[in-house]
There are 2 protein chains.
Amino acid sequence: MIENITGRCMAVRTLSAARAITRRYDSALRPLGITITQFTLLAAVARIEPDSITELADKLWMERTSLTRGAKLLEADGLIERRVEEGVRKRGLRISDKGIKLLREAYPLWQSAQQDVEEQLGKQVSEANHFLDLLRSAPF
Amino acid sequence: MIENITGRCMAVRTLSAARAITRRYDSALRPLGITITQFTLLAAVARIEPDSITELADKLWMERTSLTRGAKLLEADGLIERRVEEGVRKRGLRISDKGIKLLREAYPLWQSAQQDVEEQLGKQVSEANHFLDLLRSAPF
DNA sequence: ACTATTAGTGTGTATATGCACGATTATAAC
DNA sequence: GTTATAATCGTGCATATACACACTAATAGT
């Protein structure tokens with residue numbers, strides 16, 4: 001029974017792949033004091049302008065409460081604004097001017113990391129895309 | 001510039017895929033009070049019987065300090081033993097009887113999750129394997 | 001209008017992860 | 001033997017993630 005579980009387990013493989021990639025992006029963005037998770041969240045807020053946390057969580061395939069805390073970090077840095085109104089549950093999110101400025105500065109750094117990773121993967125990318133889409137939509 | 005960064009970013013895609021898969025495995029193992037990360041670490045210790053944390057971290061493509069803390073959790077539950085000797089730096093890891101027992105109980109649960117995921121992916125799996133191997137060996 | 005259900009949110013607690021540091025052991029150079 | 005270098009380890013701090021729970025707003029049913 002002590003077979004090679006680690007080598008076959010899809011959780012191990014996807015996790016370690018994700019960690020490696022995340023490190024590459026985080027490293028690129030470090031000069032700006034932002035992580036890839038935060039950067040992409042910021043970009044998503046700018047693009048989607050969600051009316052609620054839940055809406056954004058659904059669109060980003062993220063756990064709602066994880067997103068709540070991520071958004072709080074961005075808010076603490078003044079990069080986004082959370083609408084908090086008396087007697088209203090929904091929390092609309094909007095990017096701030098400071099957030100837009102950071103997004104502009106971070107974009108080329110993200111792009112270079114993105115290019116690196118895509119080049120590493122070469123023509124596997126299209127297959128990888130298919131693979132990742134499958135995972136994303138899987139009813140786990 | 002507010003293009004669809006989230007949809008293209010490989011970090012986002014691999015992370016969300018890994019999260020989805022991890023949730024599936026964690027859910028299967030929850031009755032035993034262990035996570036997929038801990039289960040695979042336990043299995044790796046049983047199989048490799050590493051003479052040092054660093055050795056294991058290298059083989060599992062994990063960050064050393066993350067592994068240190070993971071091993072501490074397993075040790076706290078009495079599932080593994082960490083060799084701590086006066087004047088010796090290396091920390092050999094060995095699975096305990098309790099650990100072996102848990103491994104046996106957890107195995108079929110892991111297997112069912114593994115099967116689920118592989119079925120979901122269907123014949124993409126071979127491509128996925130290639131993809132994941134590429135990522136693993138990438139010099140990020 | 002009243003009540004039951006659903007939707008939306010945040011917090012407590014715990015694990016997972018990574019980096020920067022500092023500390024000690026082991027090894028190599030001389 | 002002494003000193004320099006490398007190997008090995010742990011901790012502090014911060015972010016990321018998930019689940020269980022509790023709370024309140026909104027909506028539907030009557």
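Residue numbers start from 1 in every chain, and the chains themselves are labelled A, B, ... in the order their sequence lines are given, proteins ahead of strands. Source: prediction; values computed, not measured.
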Quiz item: Can you find a side chain N or O atom of A:T35 that sits less than 4.0 Å from OP1 or OP2 on D:dA16?
Solution: yes

Exercise. Please figure out whether B:S27 or A:Q38 has its closest DNA chain D nucleotide nearer the 5' end.
Key: A:Q38

Exercise. Please figure out whether A:D51 or A:R30 has its closest DNA chain C nucleotide nearer the 5' end.
Key: A:D51

Exercise. Classify the side-chain pair A:Q115/A:Q111 by whether it contains a donor and acceptor separated by less than 3.5 Å.
Key: no

Quiz item: Between C:dG18 atom P and B:W61 atom CH2, what is the distance in whole Å?
Solution: 13 Å

Practice problem: Kindly give the heavy-atom pair with the smallest separation between A:E81 and A:S96, and that separation in Å. | Solution: OE2-CB, 3.7 Å

Practice problem: Compare side-chain N and O positions of A:R91 against OP1 and OP2 of C:dG8 and report whether any pair is under 4.0 Å apart. | Solution: no

Quiz item: Want to settle it: does A:I53 or A:L15 sit nearer the 5' end of DNA chain C, counting the closest nucleotide to each?
Solution: A:I53

Quiz item: Tell me: CG of B:L60 to C1' of C:dT17, nearest whole Å?
Solution: 15 Å

Self-check item: Interface residues of residues 62-77 of chain B with DNA chain D (non-hydrogen, below 4.0 angstrom)
Solution: B:R64, B:T65, B:T68, B:R69, B:K72

Quiz item: Any side-chain N or O of A:T37 less than 4.0 Å from the OP1 or OP2 oxygen of D:dT15?
Solution: no

Practice problem: With B:L102 as reference, evaluate B:D77, B:L74, B:L32 under the side chain to side chain contact (heavy atoms under 4.5 Å, CB included) test and give the passing residue. | Solution: B:L32

